[in-house]
Amino acid sequence: MELIRSHHYLIKTDWEMLNSFFGELKEHGIENFDELLVKLEELKIRNANDLLKYISGGQCCDSLALLSEGLLERMRSAVSDRELIMTSSDEVGTYLLDKFAGHKQEELWAIYIDNSNHIIAEKKLFQGTLDKSIAHPREIFRWAVIYACAGFFVVHNHPSGNLLPSKSDIELTEMLHEAAKLFRIEFLDHFIVGKGNYFSFCERQLF
């Protein structure tokens with residue numbers, strides 16, 4: 001069951017994610033926190049940066065890496081009573097750089113806001129190599145109507161760090177811009193993020 005918690009759209013509940021994570025640790029012979037601490041010491045993992053390097057490398061199995069990255073993303077989203085207000089492309093871009101840090105697969109998210117520019121929901125819509133046939137506007141606007149939002153922007157990451165928009169990126173942006181007029185929901189921007197930088201279609205006046 002998909003839930004909305006703390007102004008964020010979550011794919012699984014916290015309990016489900018933790019259950020999966022500890023189940024995976026048991027598969028690797030780690031039954032309790034003491035054993036986990038010993039393992040972290042063996043791997044010389046002493047902070048979040050060390051952990052990110054480990055789960056991004058070849059030593060960590062894929063299933064544990066995905067679960068670990070999911071939990072780290074959840075922790076970033078779990079600040080209590082956070083009131084996110086976006087007033088500029090720079091603020092949004094900085095927020096998104098933090099959000100996508102460590103993500104190794106290409107993902108497309110829609111961020112929905114109210115009339116006061118508060119984020120009311122974040123929805124991951126697609127994962128994997130994106131093109132205009134997969135990332136279709138109907139799914140983006142479906143959730144815009146469900147959330148009764150005033151506007152939205154979309155973001156996807158280029159893990160390679162190359163922020164140059166592809167032909168499909170440009171076509172998708174144009175489709176969203178035209179569809180937003182019909183729905184009378186404001187399409188604010190399309191961001192591409194990767195390796196500490198972002199590209200804003202709005203800043204570059206590409207729609």
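This is a predicted model, so every value here is computed, not measured. FYI, side chains are in, hydrogens and waters are out, and symmetry mates aren't considered; it's all heavy atoms of this structure.
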Check for me, please, whether Ile146 and Leu108 land in the same ILVMFWY cluster - side-chain distances under 4.5 Å, paths through other members count. yes

Same cluster (ILVMFWY, side-chain, under 4.5 Å), Leu43 and Leu51: yes

Please find the pair of heavy atoms, one from [X] and one from [Y], that lie closest to each other, and give the distance.
X: Glu106; Y: Pro159; value: N-CG, 4.0 Å
X: Ala150; Y: Ile185; value: O-CG2, 3.8 Å
X: Asp189; Y: Cys202; value: OD1-N, 2.8 Å
X: Tyr54; Y: Cys60; value: O-CB, 3.5 Å

Stepwise side chain to side chain contact (heavy atoms under 4.5 Å, CB included) test for Leu36 and Leu25: CA-CA 8 Å; Leu36 177 59; Leu25 289 180; 4.3 Å; yes

Please step through side chain to side chain contact (heavy atoms under 4.5 Å, CB included) for the pair Leu96 and Phe153, ending with a clear verdict. CA-CA 11 Å; Leu96 294 174; Phe153 53 90; 4.2 Å; yes

Given the rule in the side chain to side chain contact (heavy atoms under 4.5 Å, CB included) test, do Val193 and Asn197 qualify, once you have shown the distances and angles that lead to the verdict? CA-CA 6 Å; Val193 298; Asn197 293 297; over 6 Å; no

For [X], does the [atom1] atom sit with more than 12 other heavy atoms under 6.0 Å from it, leaving out its own atoms?
X: Gln205; atom1: CD; value: no
X: Asp62; atom1: CG; value: no
X: Glu203; atom1: CD; value: yes

Distance (rounded to the nearest 0.5 Å) between Lys181 NZ and Glu186 CD: 12.5 Å

Separation of His158 NE2 from Phe100 CZ (nearest 0.5 Å): 11.0 Å

Sub-4.5 Å side-chain heavy-atom contact between [X] and [Y]:
X: Cys149; Y: Ile113; answer: no
X: Ile30; Y: Val38; answer: no
X: Leu176; Y: Ile140; answer: yes
X: His28; Y: Glu24; answer: yes
X: Val145; Y: Trp143; answer: no
X: His156; Y: Leu125; answer: no
X: Val155; Y: Ile192; answer: no
X: Phe21; Y: Leu64; answer: yes

Apply side chain to side chain contact (heavy atoms under 4.5 Å, CB included) to the pair Val154 and Ile111, showing each step before the final yes or no. CA-CA 6 Å; Val154 296; Ile111 316 292; over 6 Å; no

Residue set satisfying ring pair (Phe, Tyr, Trp, His ring centres under 6.0 Å) with Phe187, at least two apart, ordered chain then number -> Phe152, Phe207

Partner set under ring pair (Phe, Tyr, Trp, His ring centres under 6.0 Å) for Phe199, not counting sequence neighbours: Phe201

Between the side chain of [X] and the main-chain N/O of [Y], is any donor-acceptor distance below 3.5 Å?
X: Glu35; Y: Glu31; answer: yes
X: Asn157; Y: Glu107; answer: yes
X: Ser160; Y: Asn162; answer: yes

Would you please test Glu41 and Lys44 for salt bridge (Lys or Arg N to Asp or Glu O under 4.0 Å) and show each step? CA-CA 5 Å; Glu41 186 62 31; Lys44 297 181 179 180; over 6 Å; no

With a 6.0 Å cut-off on ring centres, are His190 and His177 close enough? no

Once you measure the plane-to-plane angle for Tyr147 and Tyr112, does it fall in the parallel (<30°), tilted (30-60°) or perpendicular (>60°) bin? tilted

